[in-house]
Amino acid sequence: MTANKSDIELKNFFIFNSSYDSKEGEEYNKVLYYYPPTDDINTQVNNVGLVEAIIKFTGNFKPDGPLNSLHTLKKRQLYFEPEDHYWMVMTLNLPFMNKSRNGSTYLEYVEEEVHDSIYKAVLKQAYSMYRLFSGTYSSTDQQNNVAALRSKLDHFYSAYLKTLKLSNCDILNVFSGIHFLPLDKQNFLNVQCFINALECNYPIIKNVSFLFNDSLIWSGIEPDDTQVIYQYLISTLLPANIETELQGGSIPRNPSSPFSSLHYGRFITGPSNLKTADSVGKVPKIYLNNEKDAAVYYFIVYRALNASICLFINGDVTLTVELFKELDEFMGPKLSSIASDIAEYCTRHIIPPNTSDSSPRFIYFNKLNLAYKSTVHLDHRQTGNIACNKEAVQIIADMNSKKDLLGYAGETIVKTMNDYWVVGKVSNLREFYVVLQHKNASLIDISDEVKKICDSELKGIFFHPM
Amino acid sequence: MATNCEIEPGAAVESALVTTDSYENFQQMSSSLEEIKNSNYAAATPEEFLDNCNNLDNDIHLTCSPVTSSSSRDEDYLQDEEWLSKSKHVFVLSSAGKPIYSRYGNEDRFASYFGIMQALVSFVQADDDSIRSIHAGDRKFVFLFKEPLILVAVSKTEECTIQLTAQLNYVFNQIASTLTLSRLVKIYEQRRNYDLRRLLTGVDRFIDHLLDFSENEPAFTLGAVQCLPLAASVRDSISTAIVQSCSKIKNVVFGILLAKSQLITLVRMKKYYIHPHDLHLIFNLVQASESFKTIESCWAPLCLPRFDSSGFLYGHVSYLAEDCQACLLLLTVEGDAFHSLSEAKQRIVERLRRGNCLEAINASLTTREETCMEMGFPELRHYLYKCKSTAQFYQPTKGAPYSINCKRLLNLYKQAHYKLHCPTRPLKLLFERNGNDALLAWDTPGFELYAVLEPLTETSSAITTVGRLLSWIKKREDKLFQLNAPTF
C-alpha cells in the first residue's frame, strides 16, 4: 500500500421520491434530503435525474433484483429503495493513488477497494437507523406532510452522516452481526430470572434486552430490530456514555449504608439524576416491528457496572419519576450483583485472543442467529483497529460477495502476493474466514491448520461437507 | 507449494507472440507499419496510404451478406420476452448515439434506446468522469467508451465487469480491424452523424461470431492461443517451408498456418511480434468466412489493432488444399504482392506435400486429444495450462461431466482467472471446492495452471496430481507447443 493513497470519501447522499409529480422546472420537489447542502439546486436536480434515468434504463431489461450500483472511473454510486418509490442514493469518491509514469504523474483510482456489498449495507443501515427513531418514510409523509418528512430527514441525516466512518467499513457491515457472550448455566439463569422478574412485576415493560460490555446475552425483541438496536448501542450510545463514566467515575450510589448491597445502577436514557429529577425528561421513543405492524415503544437503557439493560415500554403510557425511582430501586442492586458475577466469570473463563502478530485470525458469522465472532477486529466499534493485513480483510469481502457461486457449501483457500493465506468456508448459512501468515507453508499445511482452528474455535459446529 | 517450480513445460527463450497479462491496458497499441515500410524503403507515404484506405470502400471484400432491410413490424423488443431473456446483449453506437450494431434484433427498431445509452455516457462524462458499469440484480450493464464509439454489454452471465469490458474491446478491435482506427476517427471527425453501418456491411457477422467465439474459447480468457499438436520435426519443416518459399518476397511480416482455431505455426519478420488479441481476430476472420473455403485464395486488407491501428496489412488467405483444411495467411505491407504470394503459397504446398506434412496435419486434426481419464489422471476432470513466456496454452478434450455442460466449466475458469488477476489483489494460488467440483489455480512466473478436480479431492492429493500433470506436460511439450519462433 502506498502512503499517499487517499481515503474513500462521501461525495453526496440524497433521498428522493420518484413518484412525486413534478412539472418541468419543478423537479427539485422530488428531493427530500440532500447532502452536502452546498450543492446548488441545479446539481441536485441533475443528480436525481441521472438516477431516474438509470432506474428506467435498467428496469427495461427486467433484472431479477434491485438496482445496486453505478461504477465510474472516479466514483461509486449505491442505490437502495427501502419503500416503494423512495430512493436513497450515496455517492462515494474512490480512493486514488498518485502514480508516475514516464516522468508525468497521474491519478489511479482503485475501483476494487470499494465493495458494493459493504457500502450497500452502510446505506441500508442508514435507513434502518432512521426508521428505528422515526418510523417509515411513507408513514411520516401520510400522517403529517412532505414538509414534516423533509425536516425529520434533515434533522436525522445531517447528524448521522457525520458519524459515518467510511474508510473503516468492512465485511462486518455486511454481516451487521451481533456479538454474543457465551455464559455458563448459572450466570445465564441469573440473567433470565432477573428479566422474568422485571417483566412480571412491571407489565408495562413489553420486552427486555441484556448486554454485557459490547456483547449481547439476551434479547426479547425480533432479530432485525435487535440488529439495529445493537448497532446503535455499541456504536453510539454506550461509547458516549462510557466517556462520561470515565470522567465522573463509576461509584456506588449509596455508600452511607454498609448493610445494603452495592448499587451502581443509573439510567442512560431517562432522568440521569433521580435525586434531583422532578420530571422524567425526554425519553426516546422507537419504532419496532416495522416490517409487520409498527408499534412505538419507550426505549430506556439502564446500566450497572458493565451490564446494560434495555427496557421496551409501551409507547402510550405516561412515564413518571416515581416509576423510574422504583425501577432503579428494583434493578440497581440485582443488576450490580449479576454484572460483577459475570465479570468474574469472564476473567476466569474467557481467554483473551492471542495478540501476537502472526497468529491466525478469524471471522465467523451465522446468518440464522446473526452471531458473529472476530479475532481480526480488536473491538466491536469499527474503529479500523484490525489485527491483520487490510488486504486480507478485503479478500474476505471478495469471498463473501462471491459466496453464492459456491452454492450450499464450499471452501476457498488463496495465497496472496505477499504470502498471506486466506481461507473461507461456507456451509448452510454459516461463514468462517481465517487469515494466516506462514511464509513457507504449503497448501496442505494450511488446510491442516484450518482444521485445527475449526476444532478449537467452533466446537460442535459442523461444516458440510469438508 | 510442494511441487517443483522449476518445471515450466512449454517455456521457450523466444516467442512469436507478445506475451501478455490479459487485464493490461487495452488502449495500448503500437505502430509498427511505418517502421517496416521505412526500414524497407517502401513506396507509400502515410498520406498515400491513408488515401488508399479511403478508396477501399469497394475493396473490402468482407461484404458477404446484404443488410437485411428493416422488416415490416416495428416490434418493441423491450416487451419481447425472448429478446429480454438473452444472456448477453451487445450494442455498438457512435458517440453521437447512432446505432451501429446490436447482437440480437434489428438495431433500428430501438434507436431511442441507443439515445439513452449515449445520454448516460455523455452525462457522466460531463462531470469529468467516465461510466464503467451499472449493476442491477443479475444484470450487469458494462460500458466502454473509446472514441468515436460507445460499446455496451448487457449481461446476466457470471463474467465480471473486467472480462465483459475485454470482450467489448475485442468488438471494438474487430471494427477497427476492418476500417483501421485512424480511418474510423477521421470519418467521425468529418461527419459526427455518419452512419457507420454503410462501411460495415457484413461485419455484423464477424462480430456475432467473435462474441460467440470469445464466450466459448478459453483462449480469450487466458490471452493465449492453442497449438495443434504436432511432432516438433513436422512443425519445424512446415515453418522452414514457409520461410524458404517467401524468402525472395519483400516485406512479408507474418506467415500464419492454422486449423480449427489452433495454431500450426507462426513465422514472423525479425523484431516484430503478433499480439494474441490480434491473432484471435485472425482466427475469427478465418472461421467466420465461409468464402475463404470456396475461393482458391483471397486478398484481404486487414488491420491488426494491437500491431498497428493506423493502417492495413494485406493478407493472402487460402486453404492449403482440398485434402487439407488448414488455412494459410501471409501478411504483408505491400498492397500489390498478391501474385508473388500466390506463387509462394503454391511452393509452400508443394514442399509440404513432399515432406508428408499435410498427412501429419490431417492426422492430428482427426485425432481427438485424450481426456484426463485417458491420460491416466482419474481424479482430474479438465485443466488449462498456459505457458506465459510463449502465450500458448493446452487443454485436453473435455470428458464427463463437462462434455455436455461446458459452459459451467468455462465459467469456473473465468472466475478463477479473474481472482488470480484481480488488478489490486492478485493471488498466487487458489484452491476452491464445493459440491460440484474442486479447482486449483496456480500462477507462477512461468506458467498458469487451472486444474478442475473431483469435488472431494483433498489438498494433498490435489498437489500430487498437479505435480504429476506438470511432468506429463513437460514430456510432451515439443508436441503441444511451438517452442521456437522462426523468422523470415
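What's counted below: heavy atoms across the whole structure, side chains too, no hydrogens, waters or symmetry copies. Protein chains get the first letters and strands the later ones, always in sequence-line order, with residue 1 at the start of each.
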Is any side-chain heavy atom of [Y] closer than 4.5 Å to one of [X]?
X: A:I446; Y: B:F431; result: no
X: A:I413; Y: B:T459; result: yes
X: B:I463; Y: A:L443; result: yes
X: B:M117; Y: A:F57; result: yes

Hits for side-chain hydrogen bond (donor to acceptor under 3.5 Å, both in side chains) against A:E449, two or more places apart or cross-chain, chain-then-number order -> A:H438
Answer key: most heavy-atom pairs under 4.5 Å with chain A among B:D138, B:T424, B:L84 is B:D138
Quick one: of B:L439, B:L430, B:D129, B:I131, who has the most non-hydrogen atom pairs under 4.5 Å with chain A?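 So the answer, after comparing B:L439, B:L430, B:D129, B:I131, is B:D129.
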For B:N436, which atoms come within 4.5 Å of any heavy atom of chain A: side chain, backbone, both, or neither? neither
Between [atom1] of [X] and [atom2] of [Y], what distance do you get to the nearest 0.5 Å?
X: A:N68; Y: B:R139; atom1: CG; atom2: CZ; result: 14.5 Å
X: B:S133; Y: A:D116; atom1: OG; atom2: CG; result: 8.0 Å
X: A:L406; Y: B:Q415; atom1: CG; atom2: CD; result: 10.0 Å
X: B:S130; Y: A:L73; atom1: OG; atom2: CG; result: 4.5 Å

Please report the closest heavy-atom contact between [X] and [Y], naming both atoms and the distance.
X: B:C422; Y: A:E112; value: SG-CG, 4.0 Å
X: B:I134; Y: A:L70; value: CG1-CD1, 3.6 Å
X: B:A136; Y: A:P63; value: O-CB, 3.2 Å

Going by the side chain to side chain donor-acceptor pair (under 3.5 Å) test, name the single residue among A:E113, A:E391, A:Q394 that passes it with B:R425.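 The residue from A:E113, A:E391, A:Q394 that satisfies side chain to side chain donor-acceptor pair (under 3.5 Å) with B:R425 turns out to be A:Q394.
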Assign the ring pair A:F61 / B:Y113 to parallel, tilted or perpendicular, where the plane angle (0 to 90°) is split at 30° and 60°.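 A:F61 and B:Y113: perpendicular rings.
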I need the residue from A:I395, A:D448, A:T72 with the largest number of non-hydrogen atom pairs under 4.5 Å to chain B. A:T72
One option among A:E111, A:Q77, A:K56, A:M417 has the most heavy-atom pairs under 4.5 Å with chain B, and it is A:M417
Can B:T161 and A:H71 be said to form a side chain to side chain contact (heavy atoms under 4.5 Å, CB included), step by step? CA-CA 10 Å; B:T161 314; A:H71 296 219; 5.7 Å; no
Please check if the number of heavy atoms outside A:K62 that lie under 6.0 Å from its NZ is greater than 12.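 Check passes, neighbour count above 12.
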Please say which of A:V422, A:T416, A:D398 ends up in a side-chain contact (heavy atoms from CB on, under 4.5 Å) with B:L427.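 Going through A:V422, A:T416, A:D398 one by one, the side-chain contact (heavy atoms from CB on, under 4.5 Å) with B:L427 is satisfied by A:T416 alone.
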Is the shortest side-chain N to carboxylate O distance from [X] to [Y] below 4.0 Å?
X: A:E411; Y: B:R433; value: yes
X: B:K156; Y: A:D64; value: no
X: B:E432; Y: A:K425; value: no

Proximity breakdown for [X] and chain B, heavy-atom pairs closer than 4.5 Å:
X: A:N418; answer: neither
X: A:K75; answer: both
X: A:L405; answer: both
X: A:S447; answer: side chain

Does B:N434 form a side chain to side chain contact (heavy atoms under 4.5 Å, CB included) with A:V426? I'd like the steps, not just the answer. CA-CA 9 Å; B:N434 62 13; A:V426 181; over 6 Å; no
Run the side chain to side chain contact (heavy atoms under 4.5 Å, CB included) check on B:F123 and A:N46 step by step: do they pass? CA-CA 9 Å; B:F123 189 91; A:N46 276 343; 3.8 Å; yes
Set of salt bridge (Lys or Arg N to Asp or Glu O under 4.0 Å) partners for B:K428, sequence neighbours left out: A:D419
